[in-house]
Undergrad: 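Encoded as structure tokens, here's the structure I'll be asking about.
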Amino acid sequence: MKKIVTLFTLCALFVLSVCAQNRLQTATRPASAPQLVPDRTSSWISWSEEANLTSGIVNDDDTNPFDLMCMQRFSTSDLAQYDGFSLTKVSFYLWSSSSYPAGGSYTIRVYQGGSYTSGTSMNPGTLVTSQAVSSITYDNWTNVTLNTPVTIDATQELWFGVYISNGTGLLMSYDEVNTTTGKGTIYYDTEDQAWYDINSLGLSFTVGNFGIKGYAEDPNATGIVIDLGSMFMDDINNQNYITDLTVPYGSDFTTVPVVWNFNYNEAVNDFSGSLHFEYTLDGNLISAEDISGSIPSGDWVYLNDGYNDYITVYTAAEIASGNLYGTHTFCMSVQPESGWYENDASDNTGCLTVTFEGPTQTNYSITVVNTDNTVSPSGTVTVAQGASQTFNITPGSCNTISDVLVDGSSVLSQVVNNSYTFTNVTANHTFQVIYNTTYFALTAHTDGNGSVTPTNVASAACGSSQTFTITPNSGYVIDYVTDNTVDVTASVVNNVYTLSNIQLNHDIYVAFVESTTPTVTYTVTATTDGNGTVTPANATVNAGDNLSLTITANTGYVIDYVTDNTMDVTTSVVNNVYTLNNIQLNHTIFVAFVESTTPPTATFTVTATTDGNATVTPATSTVNAGDNLSITITPNSGYIISTVTDNGADVTNQVNNSVYTLTNIVANHDVQVTCTQQGGTAVTDFALNSVKIFPNPAESYITIQSERIIEMVQIYDFTGKVVYSTNGTNNTLVVPVSNLSNGIYFIKMESEGQTVTTKFVKR
């Protein structure tokens, strides 16, 4: 039995030629479109989807000639509508390529009276026509007119197809849509002398239906076969086929509809008669008309309005009154009156995407500064000139609205039910909401038999988290833990209690109880050969504890080896540290050193001094060549950094957040710091403890509260530059700091002629 394989892909290219122009004159529009009932007419019959021919098949023994036959079968029910017709033509699509050149001879064969049973029993019946094909068209349809037409008898099955003898190359094309089993895929194997459905041969692919069709012609048909199609041109001069059109504001919607009489297959007749046209916009019928005229086969005509070489669908006034601005779909469909048979109605309707441009409009943008999704809409909102825009504010569970700013100015008094509305917008704007954050106090204490760290958190931000580490005294373990009198012992993990999403004050109490399990301890002793040290040298640890030993070699020496209970553990030393984990026995550590073969590293001294109005850390350091060193400068209260010099050179501008950093040190350095009084004075006239500043550190704003009226506030950076200044009239003042760089800042406040200065951290 022969096996069949698939090859290649078919691409079809259709070219339309433009012929002479004929004009159809518009006729009176009828009240309603007539119902068209076409005559019983001739047509092609096939199981193949002609538009989907994508593949071909070839005998696997393609180096030797072969004989086979490809057929299409029509049952009696399939032929009912063609009873008495004549099969006058058979057409088939053959392949050819440089790899598999087509060859052999071809014969059209037609059988009647056949039978088929579920692919297991196949008989084509009686051969009624066998006609050699004199001329073959490859990679296209080969049309064969039968010398002796076959009268279709709907009481008998009809099989027709192509017999290939001495074939040497590609075979029949087929489509890849749904397979019509037992009808469009009948195959005769000359070696087996048997009929098969080709898909029953165990192929690695599925054959749709062979590219074979027959023409069933009604000898008594009165209709004439045509193939109409409608489309649009940009104008009658350029004659360019278009699918979209933009209508400028204030212009009429005019277009040139075109009707083709395609010359395709049997549609070779000239048309002369009446056509029915319907026009729709977005699927809605807007007009209909009947037009009489003639269209030669393969030619086209365009429609006009009787005066101009186009039709006007809508005037500019109609577009405006109907508020049609935007994009729409305009379609024209055409149908012939009775007496004509439409070969392919799928292209009778042509559509055009039409965009009606509206009047120009000025838009403005409102930019929401908040990026935390608490303002809706968010981002940048486009608003038409003169229009309104409302913004809704949804503070988080931990926030309350402190202020609402439009273009930097407060509009808090205009916020109603957490909403603010811009009216009659005529410019761009910014919109920002500033929130107050709620803080809570956290305290922790015990019964005295252990400790909790931390014991006091004065201001835990709402929504934040906090861990508490519980350490029992020797011989004790945790008995229970309460949080606001609620037992939370089960939430303690590895002696750590964690508060998450803090929403209120918390008071934590830990009670301990004497351990009933005796504590087992072990000793760890470390010694060396005298050329270095180990820290700690002696330690007592509880069973299961860990211990890290730091090994320090004397100058000119490095570690040679390390033993633990006489076992070499040198490879376990990381960065001169040997760590014992889960200690369950006594350990004796010994470290031996060896003289280093690497020359000693050069070292340099960095000394930092001040004028007495600040402190520096570290004041003196010895560093290796190429190392870096950061010096932190802390001015005394009321002072700010004035100048910083390094070996006499001014490096003040290199100080960042009160830190001066030396990199790649290759010499000794003498760093000197001088400070000046902040704001010209360092006097603290009223008590600092009467002023509260929070949050500190701060991100977006700080709140200042005082027992006195705050009259003036100034913020200085570490160089003494004033970066913010404002006046006040009450005891509380909210200061925005989101635009400040991260670092330490100083606040000078004035009240009743007295001043106080403190600092805060911006992060």
Side-chain angles (χ1 to χ4, degrees), residues 14-30 32-36 38 51 223-247 252-306 308-314 327-355:
F14 298 95
V15 179
L16 302 179
S17 60
V18 178
C19 302
Q21 302 172 358
N22 295 311
R23 297 177 179 176
L24 292 175
Q25 300 298 319
T26 57
T28 303
R29 289 178 169 84
S32 61
Q35 298 296 316
L36 304 182
I224 301 176
V225 180
I226 57 174
D227 185 4
L228 300 180
S230 61
M231 60 186 68
F232 298 92
M233 300 289 185
D234 54 354
D235 59 55
I236 61 173
N237 297 315
N238 291 336
Q239 299 177 359
N240 296 318
Y241 170 54
I242 60 173
T243 57
D244 58 86
L245 178 68
T246 298
V247 179
D252 297 341
F253 170 28
T254 60
T255 185
V256 182
V258 172
V259 181
W260 274 92
N261 182 8
F262 295 108
N263 186 337
Y264 182 67
N265 288 340
E266 295 303 307
V268 296
N269 302 290
D270 296 341
F271 172 81
S272 180
S274 178
L275 296 175
H276 177 70
F277 293 86
E278 291 188 354
Y279 307 93
T280 62
L281 189 72
D282 297 332
N284 300 311
L285 182 67
I286 58 176
S287 66
E289 60 184 340
D290 291 335
I291 304 177
S292 298
S294 61
I295 314 175
S297 177
D299 206 348
W300 60 278
V301 297
Y302 64 88
L303 278 66
N304 59 31
D305 61 4
N308 303 295
D309 292 331
Y310 53 80
I311 63 171
T312 299
V313 183
Y314 289 110
T327 300
H328 303 270
T329 300
F330 174 67
C331 297
M332 178 185 77
S333 64
V334 58
Q335 293 291 343
E337 297 294 351
S338 179
W340 300 87
Y341 173 69
E342 174 61 64
N343 183 67
D344 179 12
S346 64
D347 54 4
N348 283 33
T349 300
C351 294
L352 188 63
T353 300
V354 182
T355 300

Undergrad: D282 side chain to T329 main-chain N or O, any donor-acceptor pair under 3.5 Å?
TA: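 A pair under 3.5 Å: yes.
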Undergrad: Working to the nearest 0.5 Å, report the span between CE of M231 and CG of L352.
TA: 12.0 Å
Undergrad: In Å and rounded to the nearest 0.5 Å, what is the OG to CG distance from S230 to L303?
TA: 10.0 Å
Undergrad: Using side-chain heavy atoms (C-beta onward) and a distance below 4.5 Å, is V354 in contact with D244?
TA: no
Undergrad: Would you say V334 and H276 make side-chain contact, with heavy atoms under 4.5 Å?
TA: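 A side-chain contact is absent here, since even the closest heavy-atom pair is not under 4.5 Å.
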Undergrad: Just verifying a value: how many Å separate F271 CZ and I226 CD1, rounded to the nearest 0.5 Å?
TA: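 Going from CZ on F271 over to CD1 on I226, the span is 5.5 Å.
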Undergrad: Check side-chain hydrogen bond (donor to acceptor under 3.5 Å, both in side chains) between N240 and all other residues, then give those that pass, not counting sequence neighbours.
TA: D234
Undergrad: For S287 and Y279, indicate whether the former's side chain and the latter's backbone hold a donor-acceptor pair under 3.5 Å.
TA: no
Undergrad: In chain order, what residues pass the ring pair (Phe, Tyr, Trp, His ring centres under 6.0 Å) check against F253, with sequence neighbours excluded?
TA: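 F330, F356.
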Undergrad: Any side-chain heavy atom of Y241 within less than 4.5 Å of one from V258?
TA: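 They are not in contact (no side-chain heavy atoms under 4.5 Å apart), so the answer is no.
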Undergrad: Please confirm whether the backbone N or O of T254 pairs with a side-chain atom of D252, one donor and one acceptor, at under 3.5 Å?
TA: no
Undergrad: Under 4.5 Å between any side-chain heavy atoms of P257 and I311, yes or no?
TA: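 The answer is yes, as the side chains (C-beta and beyond) meet within the 4.5 Å cut-off.
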Undergrad: If we only count heavy atoms from C-beta on, is the L275 to P336 side-chain gap below 4.5 Å?
TA: yes
Undergrad: Is any side-chain heavy atom of D290 closer than 4.5 Å to a side-chain heavy atom of E337?
TA: yes
Undergrad: With side-chain contact (heavy atoms from CB on, under 4.5 Å) as the criterion, how do F277 and Q335 come out once you've worked through the C-alpha distance, each side chain's angles and the decisive distance to 0.1 Å?
TA: CA-CA 7 Å; F277 293 86; Q335 293 291 343; over 6 Å; no
Undergrad: Test side-chain contact (heavy atoms from CB on, under 4.5 Å) on D299 and W260 and set out the steps.
TA: CA-CA 6 Å; D299 206 348; W260 274 92; 5.7 Å; no
Undergrad: Would you indicate whether the side-chain heavy atoms of M233 and I242 approach each other to under 4.5 Å?
TA: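 Not touching, per the 4.5 Å side-chain cut-off.
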Undergrad: Would you check if the side chain of S274 reaches a backbone N or O of S292 as a donor-acceptor pair within less than 3.5 Å?
TA: no
Undergrad: Considering all heavy atoms of both residues, which atom of L228 and which atom of N348 are nearest to each other, and what is their separation?
TA: O-OD1, 2.8 Å
Undergrad: State, yes or no, whether a side-chain contact exists between F262 and D347 at a heavy-atom distance under 4.5 Å.
TA: yes
Undergrad: For the residue pair T327 and T355, confirm or rule out a side-chain donor-acceptor distance under 3.5 Å.
TA: yes
Undergrad: Measuring from atom CH2 of W300 to atom CD1 of I295, what distance do you get when rounded to the nearest 0.5 angstrom?
TA: 11.0 Å
Undergrad: For a side-chain contact (heavy atoms from CB on, under 4.5 Å) check, start with the C-alpha distance between V313 and T255, then their side-chain angles and the critical distance, and finish with the verdict.
TA: CA-CA 8 Å; V313 183; T255 185; 4.1 Å; yes
Undergrad: Tell me, with the steps shown, if T349 and C351 meet side-chain contact (heavy atoms from CB on, under 4.5 Å).
TA: CA-CA 7 Å; T349 300; C351 294; 4.1 Å; yes
